[in-house]
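In what follows, a single structure is set out as structure tokens and then discussed.
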Amino acid sequence: MTHPATTDIVEHWVDGKPWRGESARTAPVFDPALGVAQRSVRMATGDDVGVAVAAAAAALPAWADSSVATRHRFLLNFRELLNARKDELASILTAEHGKVLADAAGEIARGLEVVEFALSMPHLLKGEFSQNASTGIDVYSVREPVGVVGIISPFNFPAMVPLWFFPIAIAAGNTVVLKPSEKDPSAANWLAELAADAGLPAGVLNVVHGDKEAVDALLTHPQIAAISFVGSTPIADYVYRTASAHGKRVQALGGAKNHMLVLPDADLDLAADAAVNAGFGSAGERCMAVSVVLAVDSIADDLVARIAARMAGLRTGDGRRGCDMGPLITREHRDRVAEYLDTAVTDRARVVVDGRDSAVDGDPNGFWLGPSLIDRVPVTSAVYRDEIFGPVLSVVRVEGFEHGVDLVNSSPYGNGVAIFTNDGGAARRFQRQVTVGMIGVNVPIPVPVAYHSFGGWKASLFGDAKAYGPNGFAFFTREKAITSRWLDPSHGGIDLGFPRNS
Ligand code: NAD
């Protein structure tokens, strides 16, 4: 297998091989820790996407008709290869995304869990059978693939998010065109090549690179049956509306602004550890990052001091050097995140730790911003309202439980939320009252295990189906119900009435 990261241009992967397409347009792919473009990526035209969709459509009949045993065996091989070679993938993630190697390994581990869950496919694809539902009549239902599936993924999990979807889509007999983020495209090619090494027939998993032009071509292509999208809320909304209007099944996961409510009876050391881990892991570029700590007034000073003390020990720098936190994805994004520190001052919040002053163990040209802590953030401030998607942790002081729940529920987002308390009754009430899709009780990043489904509420998910877990198999299959009677001399005769069961 050639290492895609060694080529100058990351090309598409279509019909089981690298493919250049017609487009002359490319975009730079940076190593964010070095601040320089290491390679570029081909940007597909709509026609290029059409070629990839045609390859997936051509592969569909044979793959949809392949036995459960064949698809299961592929997944087993894929899981073994991915597990054996995960370090290669981790180094690609660090080189293009910037996340530290340990975090890249964590991302792959969560992706592997979905592959392992997809291995339950013989069981999950079983239909149901009702014998003698009416006299002499059996009724059964079966699950069939939906067809060619388009997957569009964000920059922040270049391996895990594709792995949320394509193993399940393929297990269910669909074929796939994956459009990863143009900012860190190599992981998708690496996964597609690995799938080929694991025995996946050509055309079942294709990768096209590009931006809005490629996405629009997928959303409107008549041969695409379903779209799985993950990205920011405005684009998720657009993807949902456009693809639905073109008759497709759509799940579009959007942005987030996750709160963590800390009650006075919480273990404050546990809460401070959790806030730091979930606020600054992956430089805050996680849709499940904690970005707001809601601290009840009576313990807020103490909690802020504990968080700040922990932050003093964090090392920001090149993800290959054993640091805790890497760079941001682009210079523009780094600058946009840093501006929120000025906004905080204008809005009379208190900047407790300013990440612009952090020492960095990395190349001076990298897209660095150290971890920042802002206390007494007013809820009218953009620091509170916006999804910052960087290493900026806000503290909002609340009067108590009800005030905290009100703030959580008045957010337009509903991805993740956490409560820290030792009061089981309060935790139970919280879980029942919040309008959020994923809830942690003394757990800061409540990403469900692969056999439960992942997804938020409100502006964090457009469509009915969450990602992976049982929702994943439901999304990538459609059901047929069959009512069957085999000829029996005791039946027959003319009856124009609506069929009744007897
Ligand atoms: P993004 O919305 O900019 O991009 C996501 C995908 O959409 C990419 O493949 C990109 O090429 C494409 N895209 C970008 N602009 C487009 C346009 N105008 N029209 C059509 N397609 C377009 O998101 P991002 O910056 O790559 O990722 C970060 C965002 O993703 C954050 O908002 C984060 O919360 C969200 N996210 C959500 C989840 C979740 O599960 N809810 C998971 C990961 C990331």
Side-chain angles (χ1 to χ4, degrees), residues 27 29 32 41-44 46 49 96-99 107 110-111 114 150-165 177-185 187-188 207-220 227-243 250-258 281-291 328-330 332-334 336-337 386-390 411-417 436-438 445-448 453-463 465-469 471-472:
V29 178
V41 57
R42 186 77 58 192
M43 303 294 266
V49 171
E96 290 190 358
H97 176 280
K99 61 179 69 181
E107 160 171 3
R110 295 309 295 259
V114 180
I151 300 170
I152 300 152
S153 57
F155 82 82
N156 66 323
F157 285 109
M160 184 184 77
V161 168
L163 287 167
W164 280 358
F165 300 106
V177 178
L178 165 64
K179 206 298 288 171
S181 171
E182 65 278 27
K183 298 192 178 97
D184 40 21
V207 179
V208 286
H209 298 288
D211 52 12
K212 179 172 169 48
E213 188 175 347
V215 172
D216 283 344
L218 282 173
L219 303 183
T220 56
I227 292 284
S228 299
F229 171 91
V230 180
S232 57
T233 286
I235 311 292
D237 182 23
Y238 167 77
V239 164
Y240 180 73
R241 283 185 289 106
T242 309
V250 195
Q251 52 180 178
L253 286 75
K257 187 81 186 179
N258 303 317
S282 200
E285 291 173 331
R286 289 183 185 142
C287 67
M288 290 294 272
V290 164
S291 61
L328 277 88
I329 186 71
T330 59
E332 298 70 37
H333 185 56
R334 181 255 167 231
R336 201 177 315 126
V337 173
D386 295 356
E387 180 184 38
I388 298 175
F389 220 58
S411 169
Y413 300 104
N415 214 42
V417 71
V436 176
M438 294 173 282
I445 309 182
V447 175
S453 299
F454 179 107
W457 285 17
K458 302 194 281 188
S460 297
L461 173 62
F462 300 84
K466 292 184 169 195
Y468 66 73
N471 276 213

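Whatever order the structure lists them in is the order used to number ligands and atoms, beginning at 1. Side chains are part of it too, since the values below use all heavy atoms of this structure and drop only hydrogens, waters and symmetry mates. Remember, it's a predicted structure, so these values are computed and weren't measured experimentally. Residues take their numbers from the sequence shown, with the count starting at 1.
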Practice problem: Output all residues satisfying side-chain hydrogen bond (donor to acceptor under 3.5 Å, both in side chains) with Lys458, sequence neighbours left out; order by chain, then residue number. | Solution: Thr435
Exercise. Could you list the residues that satisfy side-chain hydrogen bond (donor to acceptor under 3.5 Å, both in side chains) with Asp216, not counting sequence neighbours?
Key: Lys212, Tyr238
Self-check item: side-chain hydrogen bond (donor to acceptor under 3.5 Å, both in side chains) partners of Ser282, counting only residues at least two apart
Solution: Asp103
I'd like a table of the close N/O pairs between ligand 1 and the protein (anything under 3.5 Å), one pair per line with both atom names and the distance.
from: ligand 1; atom 1: 2 (O); to: Ser232; atom 2: N; distance (Å): 2.9
from: ligand 1; atom 1: 2 (O); to: Ser232; atom 2: OG; distance (Å): 2.7
from: ligand 1; atom 1: 9 (O); to: Ser153; atom 2: O; distance (Å): 2.8
from: ligand 1; atom 1: 9 (O); to: Lys179; atom 2: NZ; distance (Å): 2.9
from: ligand 1; atom 1: 11 (O); to: Lys179; atom 2: NZ; distance (Å): 2.7
from: ligand 1; atom 1: 11 (O); to: Glu182; atom 2: OE1; distance (Å): 2.7
from: ligand 1; atom 1: 26 (O); to: Phe155; atom 2: N; distance (Å): 3.0
from: ligand 1; atom 1: 30 (O); to: Gly231; atom 2: O; distance (Å): 3.3
from: ligand 1; atom 1: 32 (O); to: Glu387; atom 2: OE1; distance (Å): 2.6
from: ligand 1; atom 1: 32 (O); to: Glu387; atom 2: OE2; distance (Å): 3.4
from: ligand 1; atom 1: 34 (O); to: Glu387; atom 2: OE2; distance (Å): 2.6
from: ligand 1; atom 1: 41 (N); to: Gly254; atom 2: O; distance (Å): 2.7

Quiz item: Do the rings of Trp164 and Phe454 sit parallel, tilted or perpendicular, given the 30° and 60° boundaries?
Solution: tilted
Quiz item: Can you tell me how far CZ of Arg286 sits from CE of Met160, rounded to the nearest 0.5 angstrom?
Solution: 9.0 Å
Quiz item: Where do Arg110 and Val114 land on the side chain to side chain contact (heavy atoms under 4.5 Å, CB included) test, with the steps shown first?
Solution: CA-CA 7 Å; Arg110 295 309 295 259; Val114 180; over 6 Å; no
